[in-house]
Participant: 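Can you read through this structure? Questions will come right after.
Residue numbers start from 1 in every chain, and the chains themselves are labelled A, B, ... in the order their sequence lines are given, proteins ahead of strands.
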Number of protein chains: 2
Amino acid sequence: MRPTVHDIAASAGVSLATVDRVLNRRPGVRAVTREKVEAAIETLGYVRDMAAANLAKSRVYPLVFIIPTGDNPFMRGLEAEIAVAGLRSPVDRTRLSVLTVPAFDSAALVEAIDRAVSDVPAGLAVVAVDAPEVAAAIARARSAGVPVVTLVSDLAASGRDHFVGIDNIAAGRTAGSLMGRFLGGRPGPVAVLAGSMLVRDHRERLQGFTAALSQDFEPRVILDVLEGQDDPMLAEELVAICCKAHSDLAGIYSLGAGNSGLVTAISAQGRPIRVIAHELTSHTRSALKAGLIDAVLHQDAGHEVRSAIRVLKAKADGVAVIEAQERIRIDIFLKDNLPLEQAGDVREPIGRDD
Amino acid sequence: MRPTVHDIAASAGVSLATVDRVLNRRPGVRAVTREKVEAAIETLGYVRDMAAANLAKSRVYPLVFIIPTGDNPFMRGLEAEIAVAGLRSPVDRTRLSVLTVPAFDSAALVEAIDRAVSDVPAGLAVVAVDAPEVAAAIARARSAGVPVVTLVSDLAASGRDHFVGIDNIAAGRTAGSLMGRFLGGRPGPVAVLAGSMLVRDHRERLQGFTAALSQDFEPRVILDVLEGQDDPMLAEELVAICCKAHSDLAGIYSLGAGNSGLVTAISAQGRPIRVIAHELTSHTRSALKAGLIDAVLHQDAGHEVRSAIRVLKAKADGVAVIEAQERIRIDIFLKDNLPLEQAGDVREPIGRDD
DNA sequence: AAATTTCTGATTTACGTACATCAAAAAATC
DNA sequence: GATTTTTTGATGTACGTAAATCAGAAATTT
């Protein structure tokens, strides 16, 4: 049987109340007594039964997610997954709420963080914007005792407790490596379609892509980045122009959103172009199946949300996280390993979307 | 606040004891009364607080894993991950035990299953062997009230509650697709190195590989399967012979174990051969880095073990599982997206291993 | 040594459920 | 209608922890 507080009390020769004071850092315990208790905890290998503790406290974990507004399908998918996770809230004693703020607006994000912190939630998950004032706001949250994880987009300088998301440099390198192998000896330049070079994730993906493609393969021209603002219409236009300008275009790496425009543009081309894109959506899925896209790199929003919740609860309890379990993987989908379509999958609106 | 048994009792106009009888299927409740209670449960949306219930019952979940003996590194990795998960047993109220049986010995497996069932564990995870008597044993376990999941190797005919593992046909297809793309227009036959065609997983991988490679790419000769018995020495010998016999050998798909022998054989070749293998181990990792292997398909044993535990607990409680969370993914590793090496990773003995 | 402050013990209630016991009520049987 | 059987209610204890109260002991200060 695992030891209980009673065993600790008996073993340390103190009362239950004192053990409780030590465990919950309540005042009124001499240093020597505290050490006796801690020694007993150590030798007996006591671990607090969180289920019983939470029951006694009737504890709930109010968790706040702060994510960007706008029609970025990945972010909307994230929001949907938070809603799905919310259905399980009664079971896992969480209470999830979502704040949305304009994308890339660091002032608004800072305000949202401060507002969220003011009702002392059990944890905070933030899609970070790369700005010093945001880092400062996160640091404030933590010094107010609120655990913070960054979600999708990291901000290591903030001292956040954990980052939930993929390694974007590795994602870019993977894309570059796949592109190099898929192209084989075939000549011709490669284009890169991004949302905006102002976004850290996109910069990192580009960096990894360029590095892998130029390091491990024969020299190849990488054209100037097309910034499609994650807008399908603009993406389509830019890609079409690019195809016209480069009749020998061999491949395209789309590292942001707006892929439906990309697909429209390349399907109009009568020549094979290798395409690697990000995020599995209904569009990229069907383009994969049709052979218009060769590979899709993907991060699973559901996993990210569940991981954020697990990590925040663990941090709130001061418990260690299982690192291996919380590593968010870069999924590589070909048309041959597509997962079955599910109800919760990202579905996009007609016309303007990913 | 979520409703409790007290709310149900009040709402149904019955006593707490009666609610308890209904909830725990104890006798002594008239059908009409039971229906009243069930209606109240329904309308109030009551869900039993499992944490409190488990506390009251001081319930533990004894779970039994049955896996093959032998030096198959993947299976040993699985065993190691079970041990790691066992460290968390006090926290999640499980008690894990492992039975090992000779590989592919269905009689021994049946005996182990029956033995395990005889002390009525809360659940059973079995690396299944494809035989009718095994299916029957699993069916017996289930009708004895013991939830069963198949692990790594499925046996759908058994009526098991759940399968924890990858889709091996999809894995083979993925390998075929990657091989086709990696080879591009380059001519030459492709070899397949398997453990044994008696194993269902290996058969399925081969099937998927052949289908994808012949369906989506120019015609290519796939040589007769080399059966290396998952033995590095034999694998090395077979591959060396094959290379000698086919001077234009373009690629090798290694769908089983014994990869260290494979690597030795191909590194002796002075020509580039595309290689796709299974399972990330210290050997395949370093071969990836060295460029001797192009891609590794991987299933994460830690995830599989944790998933099996979650699913079995859920089945034991009669609770729904989160399907999306329990899907075991096929990881595709290139040298560019290798995860950091960790303490729990599969390390192989010198000389004879994967 | 007395007064004060700080620590510690003993005890109780609570969280939501499980489970057992015994009495009382209702239904079924004769 | 009396008896037996079945169903229901009332109540208490337990699980492991949290949190509060109050009395008493120990340490510190005067």
Side-chain angles (χ1 to χ4, degrees), chain A residues 1-41 44-61 89-93 95 122 313 316-319, chain B residues 1-38 40-41 44-61 89-93 95 122 316-319:
Chain A
M1 277 314 258
R2 65 192 269 207
T4 73
V5 277
H6 295 84
D7 302 319
I8 304 297
S11 158
V14 300
S15 79
L16 242 153
T18 302
V19 174
D20 183 65
R21 289 178 185 119
V22 172
L23 278 176
N24 295 292
R25 306 185 197 298
R26 269 187 268 279
V29 183
R30 263 187 308 167
V32 271
T33 316
R34 155 166 296 118
E35 278 158 22
K36 265 199 304 187
V37 173
E38 279 163 353
I41 289 176
L44 293 192
Y46 169 81
V47 275
R48 188 208 230 98
D49 183 334
M50 272 300 167
N54 286 342
L55 176 62
K57 282 195 281 203
S58 31
R59 161 152 217 188
V60 291
Y61 299 80
S89 276
V91 176
D92 57 349
R93 305 189 109 84
R95 192 177 61 236
K313 282 179 73 175
D317 291 340
V319 166
Chain B
M1 276 315 255
R2 66 192 269 206
T4 73
V5 276
H6 295 84
D7 301 319
I8 304 296
S11 158
V14 301
S15 78
L16 217 65
T18 303
V19 175
D20 181 66
R21 290 179 184 116
V22 172
L23 277 176
N24 295 293
R25 307 185 195 297
R26 268 186 270 278
V29 183
R30 265 187 307 167
V32 271
T33 316
R34 158 167 293 118
E35 278 158 23
K36 267 198 305 185
V37 173
E38 279 163 353
I41 288 175
L44 293 191
Y46 169 82
V47 274
R48 193 199 299 254
D49 183 332
M50 272 301 166
N54 286 342
L55 176 62
K57 281 195 283 204
S58 27
R59 161 152 215 189
V60 289
Y61 299 80
S89 275
V91 176
D92 56 351
R93 305 188 106 83
R95 193 178 58 237
D317 291 340
V319 166

Participant: Scan side-chain atoms only and decide if B:Y61 and B:D92 contain a donor-acceptor pair under the 3.5 Å cut-off.
Facilitator: no
Participant: On DNA chain D, does the nearest nucleotide to B:S58 precede the nearest nucleotide to B:V32 from the 5' side, or the other way round? Give the residue.
Facilitator: B:V32
Participant: Which residues pass the salt bridge (charged side-chain N to carboxylate O under 4.0 Å, His left out) test with B:R93, not counting sequence neighbours?
Facilitator: A:D49
Participant: Give me the atom names and distance for the closest heavy-atom approach of A:V22 to A:R34.
Facilitator: CG2-CA, 4.1 Å
Participant: How many angstroms lie between CZ in A:R59 and CE in A:M50, if you round to the nearest 0.5 Å?
Facilitator: 8.0 Å
Participant: List for me each residue that meets side chain to side chain contact (heavy atoms under 4.5 Å, CB included) alongside B:A12, sequence neighbours excluded, and say none if there are none.
Facilitator: B:V14, B:V37, B:A40
Participant: Is there a side-chain contact between A:S15 and the phosphate of C:dA10, meaning an N or O under 4.0 Å from OP1 or OP2?
Facilitator: no
Participant: How many whole angstroms separate atom CZ of B:R34 from atom C1' of D:dT6?
Facilitator: 13 Å
Participant: How long is the straight-line distance from CG of A:L23 back to CG of A:L16, given to the nearest 0.5 Å?
Facilitator: 10.0 Å
Participant: Output a table of nitrogen or oxygen pairs between the protein and nucleotides 17-24 of chain D separated by less than 3.5 Å.
Facilitator:
residue : atom : partner : partner atom : Å
D:dT17  : OP1  : A:Y46   : OH           : 2.7
D:dT17  : OP1  : A:D49   : N            : 3.3
D:dT17  : OP2  : A:V5    : N            : 2.8
D:dA18  : OP1  : A:N24   : OD1          : 3.4
D:dA18  : OP1  : A:R48   : NE           : 2.7
D:dA18  : OP1  : A:R48   : NH2          : 3.1
D:dA18  : OP2  : A:N24   : ND2          : 3.3
D:dA19  : OP2  : A:R26   : NH1          : 3.1

Participant: In whole Å, I'd like the distance from the CZ atom of B:R30 to the P atom of D:dG9.
Facilitator: 9 Å
